[in-house]
Amino acid sequence: GAGAGGVPFKGITLDQVHSAVAHVYGWSGDGPRARIGPARTVDGFEAGVARVLEVATGGGRVAFATSCPASLFAVHRALAARAADAGGDVVVVLESATIGERGTSATRLRWLDRVAMVTDGRGLLADDADQRRAAEELLFTVGRPDLVVSDRMFAGTAVARGLEVVAFAGLDAVALALASWRGLAIRVVPLDEQRPPQAYAPLLELLEPARTAP
């Protein structure tokens with residue numbers, strides 16, 4: 001496929017990939033390495049937050065899930081709290097059925113502060129081998145929410161099922177950028193998904209004006 005994300009595309013050309021990368025990440029091929037324009041991250045996050053709050057204010061069902069718990073959990077948790085405060089029906093389940101085996105421990109989804117993540121019962125996991133099954137189990141467990149806020153395989157699987165998505169996506173998740181460029185129901189927040197949680201503090205600060213607005 002065209003990068004991480006789980007959205008199947010056929011017949012994609014390199015020019016189309018370049019166009020999608022420029023459209024979402026703001027990189028036009030200048031310089032030796034691809035990079036994300038900081039303004040694109042801020043703009044994408046503000047657009048994503050606006051859509052989350054729009055759906056939540058209307059009482060819509062919103063599901064949150066992350067495959068990058070060591071990095072993005074704090075962002076998902078804060079946004080889920082904002083959605084709940086705005087009146088959204090934020091989906092929370094105790095845990096899913098088993099989705100895989102890791103040694104003697106069964107992996108499954110569990111919800112922590114309204115955010116679904118993969119766990120083996122001892123720790124939170126970010127194993128790509130289980131992510132496709134986890135994404136499918138998420139949608140089996142929660143049904144068809146009005147909006148899915150997620151990343152990587154969780155986001156790609158939801159888009160492929162025809163759901164609306166707000167997705168956090170790094171440069172290795174080009175499939176999600178392609179989905180946005182092609183006009184599918186996805187808003188992408190372009191960022192590096194493997195930074196320390198404190199690196200996303202500027203995004204969390206963007207939520208503060210919304211929290212105190214009348």
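Side chains included, hydrogens not; waters and symmetry mates left out as well; all remaining heavy atoms used. For the single chain, residues carry numbers from 1 onward in sequence order.
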Distance in Å, Arg133 CZ paired with Thr98 OG1, rounded so as to fall on 0.5 Å steps:
11.0 Å
Can you tell me how far CE of Met117 sits from SG of Cys68, rounded to the nearest 0.5 angstrom?
11.5 Å
Might you point out which heavy atoms bring Leu176 and Ala169 nearest each other, and give the distance in Å?
CD1-CB, 3.8 Å
d(Ser71 OG, Gln194 CD) to nearest 0.5 Å is 6.5 Å
Result block: side-chain N/O donor-acceptor pairs under 3.5 angstrom for residues 134-149, not counting sequence neighbours:
unit_1 : atom_1 : unit_2 : atom_2 : d
Glu137 : OE2    : Thr141 : OG1    : 3.2
Thr141 : OG1    : Glu137 : O      : 2.8
Arg144 : NH1    : Arg161 : O      : 3.2
Arg144 : NH2    : Arg161 : O      : 3.2
Asp146 : OD2    : Arg61  : N      : 2.7

Given the options Leu79, Val166, Leu203, Val49 meets side-chain contact (heavy atoms from CB on, under 4.5 Å) only with Leu79
Taking all non-hydrogen atoms of both residues, which atom of Asp113 and which atom of Arg77 are closest, and how far apart?
OD2-CD, 3.0 Å
Phe73 and Leu112: which non-hydrogen atoms are nearest, and at how many Å?
CE1-O, 3.4 Å
Backbone N/O of Arg108 and side chain of Ser96: donor-acceptor pair under 3.5 Å:
no
Minimal heavy-atom distance between Val189 and Gly44, with the atoms involved, is CG2-O, 3.5 Å
CG-CZ distance between Asp120 and Arg110, expressed to the nearest 0.5 angstrom
9.0 Å
Residue Glu95 excluded, over 12 heavy atoms near CD under 6.0 Å
yes
Side chains of Phe45 and Leu207, heavy atoms from C-beta outward: is any pair under 4.5 Å?
yes
Between Val118 and Ser67, is there a side-chain heavy-atom distance shorter than 4.5 Å?
no
Contacts of Phe168 meeting ring-ring contact (aromatic ring centres under 6.0 Å, His included) (sequence neighbours excluded), chain-then-number -> His76
With the side chain counted from C-beta on, respond yes when Tyr200 and Leu191 share a heavy-atom pair under 4.5 Å apart, and no when they do not.
yes
When every non-hydrogen atom of Pro190 is compared with those of Ile36, the smallest separation belongs to O-CG2, 3.6 Å
Evaluate the side chain to side chain contact (heavy atoms under 4.5 Å, CB included) criterion for residues Val62 and Arg114: first the C-alpha distance (whole Å), next the side-chain angles of each, then the deciding distance (0.1 Å), finally the verdict.
CA-CA 10 Å; Val62 187; Arg114 306 183 181 94; over 6 Å; no
Atom of Val52, atom of Ala83 and distance for their closest heavy-atom approach
CG1-CB, 3.8 Å
Please round to the nearest 0.5 Å and tell me the distance separating atom CZ of Arg152 and atom OG1 of Thr66.
10.0 Å
Is Thr107 reaching over with its side chain to a backbone N or O of Thr119, donor-acceptor style, under 3.5 angstrom?
no
Measuring from Glu46:CD to Thr41:OG1, what's the distance to the nearest 0.5 Å?
11.0 Å
Quick one: are Asp85 and Arg82 in side-chain contact, heavy atoms under 4.5 Å?
yes
